[in-house]
Amino acid sequence: MSHVFMQRFSTRRTLAIISRRCYSTKDSTTHFGYKEVPIVEKENLVKGVFSSVASSYDVMNDAMSFGIHRLWKDDFVSTLDPGNDIVGVKTKCIDVAGGTGDIALRILDWAREKHADRDLSVDVVDINPDMLEEGRRRFRQTITTNILPGRQCTRPGEGQFPSNTYDLYTIAFGIRNCTSVPDVLSEAYRVLKPGGTFACLEFSRVSNPLLAQAYDTYSFSIIPLLGSIIASDRASYQYLVESIRRFPPQEEFSNMIKAAGFQISRKGGWRDLWGGIACVHTGVKV
Ligand SMILES: C[S@@+](CC[C@H](N)C(=O)[O-])C[C@H]1O[C@@H](n2cnc3c(N)ncnc32)[C@H](O)[C@@H]1O
């Protein structure tokens, strides 16, 4: 029994060491798209990107993906099935890097429409006040939720969010922009209740070579062009495309989730969408 425990413990520790070596913030630089930048500067550079695109963010998402991002987000939320919990228990969710609120709105709508659950709450967290302001406008027209401007849930030890609080932690197209992926994962683990679910929707790696080639061509030639036409900002969309390529592939990210302490399914805990253009990773806090 203790042998099994030790083996599990040491595997987890090895994975943690590997993932911290690859994605540690201890080195003095990190990537910002294809550029190497001082670690301390990355967050401000990312803030600059999203402040610049905030007012056209939703329109650009539709234009770049022909609306497909909506299908992925619908699929993400419907599979999580929020609100389907024990009667009388209020489900608490946190949507980190929540931006303009696409995921939070879907969670609230799903819980209300599918389970008649009006008690479920979503805390929307993002470092960018301009993105949150866009979201706030949308929330005003619908139901209220807690929008937590400027509050962090991606750096360890800041103590803004109590431990063992949430039933569901979501992060969609956000984690690749964060300075330290292992730090985000360990904060996610800390704030979730035991038994709570971590769920991440992110761009990933396309396995089919033909699709990968077509997707690369589209990403690098069309998306920055659309960015300059619709958002008058080519550079930010160039960064977004590059940041996707810098994010670890499915198996590597899955190992990082495991290293943070989450239990994942035997199949690796991920599900590709559209051949791996996007991917859903889930884990459970044990
Ligand atoms: C591509 S948007 C995704 C927004 C939304 N989740 C969606 O799916 O439409 C990425 C978001 O991550 C936020 N972000 C980047 N770094 C962050 C961090 N360290 N902590 C919290 N949010 C962050 C950005 O401000 C931006 O709103």
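Along the sequence shown, the residues carry numbers beginning at 1. Predicted model, so just to flag it, every value in this text is computed and none were measured. Both ligands and their constituent atoms are indexed starting at 1 by order of listing. When reading the values below, keep in mind they use all heavy atoms of this one structure, side chains included, and skip hydrogens, waters and symmetry mates.
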Below 4.0 Å, non-hydrogen atoms only: which portion of F50 touches ligand 1? Side chain, backbone, both or neither.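 Only the side chain of F50 comes within reach of ligand 1.
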Using a 4.0 Å heavy-atom cut-off, say whether V46 meets ligand 1 through its side chain, its backbone, both or neither.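 The part of V46 near ligand 1 is the side chain, not the backbone.
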Is there a nitrogen or oxygen of R176 sitting under 3.5 Å from a nitrogen or oxygen of ligand 1?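 N/O-N/O distance under 3.5 Å: no.
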Please say whether M131 places an N or O atom under 3.5 Å from an N or O atom belonging to ligand 1.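 Among all N and O atoms of M131, none is under 3.5 Å from an N or O of ligand 1.
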For [Y], does its backbone N or O pair with a side-chain atom of [X] as donor and acceptor, under 3.5 Å?
X    : Y    : answer
S236 : D233 : no
R137 : T100 : no
S52  : G48  : no
R106 : D102 : yes
R176 : P248 : no

Taking atom types as modelled, find out whether N61 and S65 have a side-chain donor-acceptor pair closer than 3.5 angstrom.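 No donor-acceptor contact under 3.5 Å links the two side chains.
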Work out whether the distance between some heavy atom of K73 and some atom of ligand 1 is less than 4.0 Å.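 The answer is yes: ligand 1 sits under 4.0 Å from a heavy atom of K73.
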Return the option from V53, D58, D126, D130 holding the heavy atom at the smallest distance from atom 27 (O) of ligand 1.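 The nearest heavy atom belongs to D126.
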I'd like the name of whichever of G101, A54, A97 reaches closest to atom 5 (C) of ligand 1 through any heavy atom.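 Checking each option, the heavy atom nearest atom 5 (C) of ligand 1 is found in A97.
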Atoms of ligand 1, numbered as shown, that sit under 4.0 Å from any heavy atom of F173: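 Listed by number with element: 1 (C), 2 (S), 3 (C), 8 (O), 10 (C).
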Within a distance under 4.0 Å of any heavy atom of G99, pick out the atoms of ligand 1 and give their elements.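 Contacts of ligand 1 toward G99, numbered from 1: 4 (C), 27 (O).
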For I230 and V59: C-alpha separation, side-chain torsions, deciding distance, then whether side chain to side chain contact (heavy atoms under 4.5 Å, CB included) applies. CA-CA 8 Å; I230 298 174; V59 175; 4.1 Å; yes
